[in-house]
Amino acid sequence: MRTRVWFFGIGAAGLLVAIAFAASHGPVWASEDKPADYQTWGEDHVGQELPEYTTGTECLFCHRDYVAPRWKSNPHNRTMRFPEPDDPALKALADSTDGKAIVGEVQILLGSKDHVRYLKRLEAYGEAAMSGQLWNGTEKQIRHAQPPGWHQDTFGPQCAGCHATAIDTETISFGSPSLDCYVCHGILELEHANDNTQTLFSPEHADDPRVVISVCGQCHLRGGKSRATGRPYPTLFVPGDNLFRDFDVDWSDDTIARMDMIDKHIFENARAVMVAGSKTTCTSCHSVHGESTKKHQELEQDQSCETCHRPGKEMTDVDLPKNRSSRTCEYP
Ligand code: HEC
Ligand code: HEC
Ligand code: HEC
Ligand code: HEC
Ligand code: HEC
Ligand code: HEC
């Protein structure tokens, strides 16, 4: 085992206290905050053992007709991936002054459309170092999110929870790289093959809108913070849980006003469901496996449409942001 001087030196004592507290008393609240209703319903898994989950290879053995062929190219599956030798992000790193020296060590790319980071595995299973360089695919340029060279203590505590699967709270190592079925489908017993009335995301099951927001929001509500660990991703979230017991999210008007259109519609939709009881969720508009938002066009118009569709303009006239930024994901 690698020694984790930084971990045991700084965070461990406080972390263990927080976990022990959370395990015996439910979520950790600052004493002056009185939790809202949306923060207290349901369950969480903070402080518990990492559950066993079925991996995608097993799921896809049976789900080979519709899901399997599409999964290969799904951005959730590809968020951590082995690079093709002619990947433009890899070529650009090789051509850059401070990238030449490390490009040979790169084993995994993180990100996809517009921004990419470079990773290499560490000796311990489920751990990776990340280089400071950042590929901006819109500008076709190498930028720097951190000083160039390898950083061992960034990916685990700051990124892994939303780009890898099943993070061990104490070692901060991941169960599998990239996003497996488990992150959305959770723990699914084999019996589901005969009866899908209890299967989340099955057409035969009426999904609780709060559960859907919790599943998608565990990663897409960027800027939130785990009460148990202080990390920017939730602690041991299992689909079915109430995300907001552990994950503290700021969706005040001021905060949302500063976001681009995409982050804005995500936060507004989450708030509408959790606070105002709306029944429209991410999956009313998005098909994850179909990679489509076609079905959103069938919805009844209301104020939420105006985040993207400006009044007085044609419905086809939507200016989606091109070069997006995120402090959580370290792209400016
Ligand atoms: C032994 C085969 C088998 C395995 C393994 C398996 N499934 Fe299924 N699953 C089925 C069958 C059969 C159904 C019934 C509906 C169908 O034919 O697609 C089903 C239904 C589903 C449904 C609901 C679809 C619907 O039409 O109602 C989901 C979602 C699902 N499975 C996800 C998964 C996930 C995620 C995994 C891995 C954790 C998994 N399955 C593993 C056989 C399997
Ligand atoms: C465990 C984290 C995680 C969960 C859970 C998750 N996502 Fe994502 N999602 C991501 C990441 C990371 C990306 C970006 C991948 C990349 O570009 O590298 C992404 C990308 C997307 C995209 C853009 C993909 C595209 O086609 O360009 C959509 C849309 C999306 N997610 C919707 C959803 C919805 C809806 C849910 C809930 C059913 C969900 N996501 C659950 C992490 C997650
Ligand atoms: C009212 C419908 C609607 C709802 C509700 C909704 N979305 Fe979207 N979302 C869209 C549309 C339409 C787009 C633009 C898709 C496009 O053409 O690129 C979009 C874009 C996105 C993108 C960027 C996709 C990309 O290509 O980069 C992500 C990520 C995303 N949505 C996630 C979510 C999540 C997570 C939720 C739930 C909290 C959600 N959305 C709720 C309609 C919706
Ligand atoms: C990012 C979240 C997410 C991930 C990861 C994910 N799914 Fe799904 N899955 C969904 C959602 C949401 C639906 C509902 C239909 C849709 O959006 O495409 C769904 C639907 C399904 C269905 C039913 C399809 C149908 O006929 O409607 C099956 C089967 C399934 N998923 C299997 C899997 C398997 C196997 C994996 C892993 C290889 C996986 N899913 C990964 C979110 C996810
Ligand atoms: C996140 C941004 C976003 C939100 C929110 C959104 N839309 Fe859209 N919408 C788009 C984009 C982008 C298009 C262009 C085609 C596409 O990608 O679906 C579009 C296209 C459409 C179209 C088809 C226009 C045409 O004639 O081709 C309709 C209808 C529509 N939206 C209705 C709605 C309704 C109703 C709502 C609210 C319930 C809504 N949209 C919310 C982004 C959004
Ligand atoms: C709270 C969850 C969360 C955390 C923590 C997180 N990410 Fe992300 N990341 C996402 C989601 C969700 C997306 C997809 C955003 C979208 O398309 O709207 C994403 C997208 C990305 C992308 C691709 C963006 C693109 O445009 O192609 C990169 C690169 C990235 N993240 C890097 C990082 C790095 C580096 C860290 C750690 C320093 C990190 N992320 C931490 C959730 C997270």
Side-chain angles (χ1 to χ4, degrees), residues 53-68 70-81 109-117 137 159-167 174 178-186 188 192-193 196 199-205 207 211-222 233-234 237 239 243 260-266 268-269 278 280-310 313-321 324 326 328-329:
Y53 63 95
T54 311
T55 64
T57 327
E58 294 170 72
C59 310
L60 291 175
F61 183 78
C62 293
H63 291 287
R64 49 179 94 194
D65 292 342
Y66 175 72
V67 175
R70 287 168 178 78
W71 187 239
K72 288 196 200 92
S73 57
N74 191 294
H76 292 100
N77 181 30
R78 286 177 54 80
T79 192
M80 286 173 78
R81 62 188 188 280
L109 299 183
L110 170 72
S112 62
K113 274 196 304 223
D114 302 323
H115 303 92
V116 172
R117 295 291 291 273
C159 322
C162 303
H163 290 278
T165 304
I167 313 307
F174 49 80
S178 214
L179 302 179
D180 208 335
C181 322
Y182 166 74
V183 302
C184 293
H185 288 284
L188 208 51
H192 82 274
N196 279 297
T199 308
L200 184 63
F201 300 131
S202 161
E204 291 173 41
H205 177 248
D207 300 331
V211 167
V212 175
I213 295 293
S214 291
V215 169
C216 309
Q218 67 175 299
C219 305
H220 284 279
L221 291 169
R222 292 185 292 182
Y233 54 80
F237 176 83
L243 172 69
D260 70 31
M261 207 188 270
I262 298 291
D263 281 324
K264 206 177 252 179
H265 93 289
I266 292 172
E268 284 175 345
N269 180 228
S278 167
T280 304
T281 69
C282 323
T283 51
S284 313
C285 298
H286 288 272
S287 160
V288 167
H289 296 288
E291 286 184 57
S292 155
T293 52
K294 202 122 199 87
K295 63 180 170 181
H296 101 276
Q297 303 183 0
E298 310 298 323
L299 293 183
E300 197 126 348
Q301 276 202 42
D302 61 24
Q303 228 197 323
S304 76
C305 315
E306 292 179 17
T307 307
C308 302
H309 297 283
R310 305 293 174 190
K313 284 198 168 182
E314 295 290 329
M315 292 304 272
T316 45
D317 189 3
V318 183
D319 273 329
L320 292 178
R324 301 183 58 205
S326 164
T328 307
C329 296

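Whatever order the structure lists them in is the order used to number ligands and atoms, beginning at 1. Because the structure is a prediction, the values reported are computed rather than measured.
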- [ ] Could you list the atoms of ligand 2 found under 4.0 angstrom from a heavy atom of H163?
- [x] 12 (C)
Open item on the list: Which residue in the set C162, C219, C159 passes side chain to side chain contact (heavy atoms under 4.5 Å, CB included) when paired with Y233?
Closed with: C162
Task: Protein contact to atom 17 (O) of ligand 5 [nearest heavy atom, distance to 0.1 Å] - done: T293 OG1, 4.2 Å
Task: Contact partition for L179 relative to ligand 2, non-hydrogen atoms under 4.0 Å - done: side chain
Task: Closest protein heavy atom (residue, atom, distance) for atom 3 (C) of ligand 5 - done: C308 SG, 2.7 Å
Task: Nearest-neighbour protein heavy atom for atom 35 (C) of ligand 5, which is reported as residue plus atom name and distance - done: L299 O, 3.3 Å
Task: Region of H76 engaging ligand 2 - heavy atom pairs below 4.0 Å - done: side chain
Task: Any side-chain heavy-atom pair of V183 and F237 under 4.5 Å - done: no
TODO: Can you run down the side-chain hydrogen bond (donor to acceptor under 3.5 Å, both in side chains) pairs that involve residues 59-68, sequence neighbours left out, and say none if there aren't any?
DONE: none
- [ ] Return the residue, atom name and 0.1 Å-rounded distance of the protein heavy atom closest to atom 37 (C) of ligand 5.
- [x] C305 SG, 1.9 Å
TODO: Please confirm whether T79 comes within less than 3.5 Å of ligand 2 when only nitrogen or oxygen atoms on both sides are compared.
DONE: yes
Task: Protein residue, atom and distance nearest to atom 32 (C) of ligand 5, heavy-atom basis - done: M315 CE, 3.2 Å
TODO: Any atoms of ligand 2 less than 4.0 Å from a non-hydrogen atom of G111? List them with their elements.
DONE: 18 (O)
TODO: Number the atoms of ligand 2 from 1 as they appear, then name those within less than 4.0 Å of a heavy atom of P75, with their elements.
DONE: 15 (C), 24 (C), 25 (C), 26 (O)
Open item on the list: Other residues, nucleotides and ligands only: do more than 12 of their heavy atoms fall within 6.0 Å of CD on E306?
Closed with: yes
Task: Minimum-distance protein heavy atom relative to atom 26 (O) of ligand 4 - done: Y66 CD2, 4.4 Å
Task: Close approach, K294 and ligand 5, non-hydrogen under 4.0 angstrom - done: no
Open item on the list: Protein heavy atoms near atom 14 (C) of ligand 5, is at least one of them under 4.0 angstrom away?
Closed with: no
- [ ] Between A164, C219, S287, C216, flag the one that comes closest to atom 36 (C) of ligand 2 by a heavy atom.
- [x] C216
TODO: Enumerate the atoms of ligand 2 whose separation from the nearest heavy atom of H286 is less than 4.0 angstrom.
DONE: 29 (C)
- [ ] Give the residue and atom name of whichever protein heavy atom lies nearest to atom 29 (C) of ligand 5, and the separation in Å to one decimal.
- [x] Q297 O, 3.6 Å
Open item on the list: So, at under 2.8 Å, which protein N, O or S atoms would a careful student list around atom 8 (Fe) of ligand 4?
Closed with: H185 NE2, H289 NE2
Task: Whether over 12 other heavy atoms sit under 6.0 Å from Q303 CD - done: no
Open item on the list: Is it the case that the side chain of S326 and the backbone of C329 share a donor-acceptor pair, with hydrogens and angles ignored and the cut-off at 3.5 Å?
Closed with: yes
Open item on the list: Show me which atoms of ligand 2 lie under 4.0 Å from any heavy atom of C282.
Closed with: 35 (C)
Open item on the list: Among all protein heavy atoms in this structure, tell me which lies nearest to atom 27 (O) of ligand 5, with the distance rounded to 0.1 Å.
Closed with: T316 CG2, 3.4 Å
Open item on the list: Can you tell me which N/O/S atom of H309 has the shortest distance to atom 8 (Fe) of ligand 5?
Closed with: NE2
TODO: With the side chain counted from C-beta on, respond yes when L200 and P239 share a heavy-atom pair under 4.5 Å apart, and no when they do not.
DONE: yes
- [ ] Report yes if the side chains of R81 and V116 come closer than 4.5 Å at any heavy-atom pair, otherwise no.
- [x] yes
Open item on the list: Whether R324 and D263 form a salt bridge (side-chain N of Lys/Arg under 4.0 Å from carboxylate O of Asp/Glu) is what I want to check.
Closed with: yes
TODO: For atom 39 (C) of ligand 5, find the nearest protein heavy atom and state the residue, atom name and distance (0.1 Å precision).
DONE: H296 CD2, 3.3 Å
- [ ] Starting from atom 16 (C) of ligand 2, locate the nearest protein heavy atom and write down its residue, its atom name and how far away it is, to 0.1 Å.
- [x] S112 OG, 3.2 Å
TODO: With heavy atoms only and a cut-off of under 4.0 Å, state how L320 meets ligand 5: side chain, backbone, both or neither.
DONE: side chain
Open item on the list: For a side chain to side chain donor-acceptor pair (under 3.5 Å) check, start with the C-alpha distance between T79 and H163, then their side-chain angles and the critical distance, and finish with the verdict.
Closed with: CA-CA 6 Å; T79 192; H163 290 278; 2.9 Å; yes
Open item on the list: Minimum distance, heavy atoms only, to atom 30 (C) of ligand 2: which one of R222, H220, Q218 is it?
Closed with: H220
